[in-house]
Amino acid sequence: MAKKPRIVIIGAGMAGITAANKLYNSISSNNLFELCVVEGGSRIGGRINTSEFGGDRIEMGATWIHGIGGSPIYKIAQEINSLESQKPWECMDGFSSHPKTVAEGGFELNPTIVDPVNTLFDNLMDYAQGKVIESAEKVDFYNLASRAFKRSCTTRNGVSDQLSVGSFLRQGLNAYWDSMKDDDQVELKGYGTWSRNLLEEAIFAMHENIQRTYTSAGDLLTLDFNAESEYQMFPDEEITIAKGYMSVIEHLASVLPPGLIQLGRKVTNIEWQPEVEQQSIVMQNGHGSNSRPVKIQFCDGSTMLADHVIVTVSLGVLKAGIHQDSGMLFNPPLPTFKTEAISRLGFGVVNKLFLQLSDRKGDDEDNNLENFPFLQMTFHRPDSDLRNMKIPWWMRRTASLSPIYKKSNVLLSWFAGEEALELETMSDEEIVEGVSTTISSFLSQPHKKLESNSHELCNNGRASEVKFTKVLKSKWGNDPLFLGSYSYVTVGSSGEDLDSLAEPLPKSTGSDSCGSNGSIPPPPLQILFAGEATHRTHYSTTHGAYFSGLREANRLLQHYHHYVGIN
């Protein structure tokens, strides 16, 4: 009797657990496959990692449901009652409605300065994403964005397919300034050395830094412009999950029997058969061998054979796995079309920093630091002579520092690119020193001289000493199981590379009966690929990972004529 096909899923993140859930639910009645999930870490969830800090529920990795309209993640969270909780969580209520924008030096900015730049940036991004732009009373944003696009193309010899989001945005800011030249703007007073143009550029840069954390592109000049219009977002509001993102993963995994997920099983090599060896043909023809085509090797020296392997590791791990110096993950190496796609696509680092403010009991509630503002920070340029030299470089591209919910004493800040990697190497003491210095510059009364070691801030005219009791940071960049946070399409790459990454191996020849030379073809669907970086329109998201897990599970079900439609 022939052995049942064995499917091994590498990685117990959203894509891997979703694929396992789909396959198990589809085959449990007839026990069609042997199914196994191997995970290199000590937990399931992958880049989803709900934790606790200062008594609050927080997310170390994936945080947001990006649009509740049509999101499968929202649907699951709603069904399992994960959208409400008695325990405080990282809901970020108040940030969108009550932000306080402050310029370096402690100058709180009037909305009349901030709002026009906010509107400009939003309209430029809407244009890049192919959305309809409605012109305002004073500014024709559509024509402005069109001029920015043409200027950006011109700077690249008219070749628009090499256009970056970063260059487009900066051309948009310049076009905005050009359009405002004839406008009689009131001269700014009371902002120290800040001029109107310097403030507008700093506000614009703040939004660019937010975009860096959205996309994981450390430099927006590397982020492809054309891919923006292909990326799809779900409509309606973006929310966090009250009971934690892990509640969704745990729900999907709950149907799997004990032992199906094996933790601490880090894969070091995947041996596959792009072509059938003559010896295998003889064995199959002469002895009815049940040999499985894929051999998985683990870090402890053990091995496992499989008919099909769904690889859900991050793009960062795949990038490391195609280079000789870091040890080849696949044997033989992946075909050129696959390695070139892996190399071209971007995979950035985004880290979160949580800081707990000390609980200063006995203070007047109005003066308690539980009322720390939802702070948006605008900095002088890193090369400006006007900058506060004491603020460390790694804080200068951070857009915000704010409570994770109203009156929480846990603050959150996001870091991307080089700053995110630097954060991973720093001690808690160095972090506290850098953040405290920055806070003292932003929330102190302007021109009030502070002792260099006091880190005092003045809020509503009253001075309070900032003390942090704990620090917690994510370290996605240097974690060998991830080597980064999420994917983006770089200049020089395209959505086609995402599709190439998703293509299973060996590549289909269009015939099930014979190989290219009339020989027996290799076993099909040996290696399948899932994960957020394999979804052309929803890359970088947990729902993209979810969709990719369903896609590969259905690919195998269809192969075995047990296809179940994607929900």
Side-chain angles (χ1 to χ4, degrees), residues 99-125 136-141 143-145 147-148 151-152 155 165-212 219-221 373-401 419 437-450 457-459 461:
K100 179 177 182 179
T101 306
V102 181
E104 184 175 341
F107 301 95
E108 183 170 356
L109 301 184
N110 191 292
T112 58
I113 302 170
V114 178
D115 291 348
V117 183
N118 293 352
T119 303
L120 167 66
F121 194 92
D122 289 345
N123 275 280
L124 288 172
M125 288 307 302
E137 182 179 340
K138 288 187 176 181
V139 182
D140 186 339
F141 285 108
N143 284 335
L144 187 149
R147 291 202 306 274
R151 287 181 182 181
S152 302
T155 60
V165 170
S167 62
F168 166 74
L169 288 173
R170 281 293 156 157
Q171 289 293 349
L173 178 60
N174 290 333
Y176 172 77
W177 281 337
D178 288 345
S179 71
M180 303 299 286
K181 279 181 180 177
D182 298 331
D183 194 23
D184 295 328
Q185 293 183 311
V186 179
E187 183 182 349
L188 288 181
K189 293 182 180 179
Y191 290 97
T193 57
W194 287 98
S195 67
R196 181 180 292 274
N197 266 29
L198 286 176
L199 279 176
E200 287 176 342
E201 183 181 17
I203 297 165
F204 197 84
M206 176 186 74
H207 285 287
E208 288 176 317
N209 289 327
I210 294 172
Q211 201 65 28
R212 290 168 65 235
D219 185 347
L220 296 183
L221 292 174
F374 290 86
L375 179 64
Q376 293 187 142
M377 299 179 287
T378 61
F379 293 89
H380 282 296
R381 295 177 63 156
D383 57 353
S384 171
D385 293 335
L386 301 176
R387 73 188 189 280
N388 181 343
M389 300 294 186
K390 292 182 180 178
I391 295 177
W393 68 269
W394 49 269
M395 280 295 297
R396 287 195 164 275
R397 298 179 79 186
T398 301
S400 62
L401 179 67
E419 294 82 5
T437 300
T438 305
I439 289 174
S440 70
S441 175
F442 277 81
L443 294 186
S444 297
Q445 287 179 329
H447 316 304
K448 176 180 172 66
K449 187 175 181 180
L450 300 175
L457 62 85
C458 291
N459 198 6

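Quantities reported herein were computed from a predicted structural model and do not represent experimental measurements.
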Report yes if some heavy atom in the side chain of Asp385 is under 4.5 Å from a heavy atom in the side chain of His380; otherwise report no. no
Tell me every residue that passes side chain to side chain donor-acceptor pair (under 3.5 Å) with His207, counting only those two or more places apart in sequence or in another chain. Asn118
Please list, chain by chain and in numerical order, all residues satisfying side chain to side chain contact (heavy atoms under 4.5 Å, CB included) with Pro392, sequence neighbours excluded. Trp394, Met395, Thr438
Supply the atom-to-atom distance Ser441 OG to Arg387 CZ, rounded to the nearest 0.5 angstrom. 12.5 Å
Applying side chain to side chain donor-acceptor pair (under 3.5 Å) to Glu419 and not counting sequence neighbours gives Arg212
Report the residues that fulfil ring pair (Phe, Tyr, Trp, His ring centres under 6.0 Å) with Phe379, sequence neighbours left out, ordered by chain and then residue number. Phe442
Donor-acceptor pair, Arg397 side chain versus Asn209 backbone, under 3.5 Å? no
Sequence-distant partners of Phe204, ring pair (Phe, Tyr, Trp, His ring centres under 6.0 Å), two or more places apart: Phe121
Heavy-atom closest pair, residues Gly172 and Leu120: O-CD1, 4.3 Å
Is the shortest heavy-atom distance from the side chain of Arg147 to the side chain of Ser179 under 4.5 Å? yes
For the student: nearest non-hydrogen atoms of Pro373 and Lys100, plus distance: CB-CD, 3.8 Å
Restricting to non-hydrogen atoms, name the atom on Leu198 and the atom on Leu386 that form the minimum distance, rounded to 0.1 Å. CD1-CD1, 4.0 Å
Non-hydrogen atoms of Gly166 and Leu221 that approach each other most closely: C-CD2, 3.8 Å
At their closest point, which heavy atom of Phe107 faces which heavy atom of Gly190, and how far apart are they? CD2-O, 3.4 Å
Measure the shortest side-chain to side-chain distance between Thr119 and Asn123 over non-hydrogen atoms and say whether it is less than 4.5 angstrom. yes
With sequence neighbours excluded, what pairs up with Trp177 under the side chain to side chain donor-acceptor pair (under 3.5 Å) test? Glu200
Mind checking salt bridge (charged side-chain N to carboxylate O under 4.0 Å, His left out) for Asp383 and listing every partner two or more places apart, or none if nothing turns up? Arg381
Quick one: list whatever passes salt bridge (charged side-chain N to carboxylate O under 4.0 Å, His left out) with Asp178, sequence neighbours left out. Arg151, Lys181
Is there any side-chain hydrogen bond (donor to acceptor under 3.5 Å, both in side chains) pair reaching into residues 101-117, and which pairs are they, with sequence neighbours excluded? Thr101-Gln376, Glu104-Arg396, Asn110-Thr112
May I ask you to decide if Leu375's main-chain N or O and Ser400's side chain share a donor-acceptor pair within less than 3.5 Å? no
Atom of Asp140, atom of Asn143 and distance for their closest heavy-atom approach: OD2-ND2, 2.6 Å
Find out whether Leu188 and Trp194 are in side-chain contact, i.e. whether some heavy atom of one side chain is under 4.5 Å from a heavy atom of the other. no
Under a 4.5 Å cut-off applied to non-hydrogen side-chain atoms, are Tyr191 and Leu109 in contact? yes
I'd like to know whether Leu144 forms a side-chain contact (heavy atoms from CB on, under 4.5 Å) with Leu124, so could you lay out the CA-CA distance, the side-chain angles of the two residues, the decisive distance to 0.1 Å, and finally the verdict. CA-CA 9 Å; Leu144 187 149; Leu124 288 172; 4.1 Å; yes
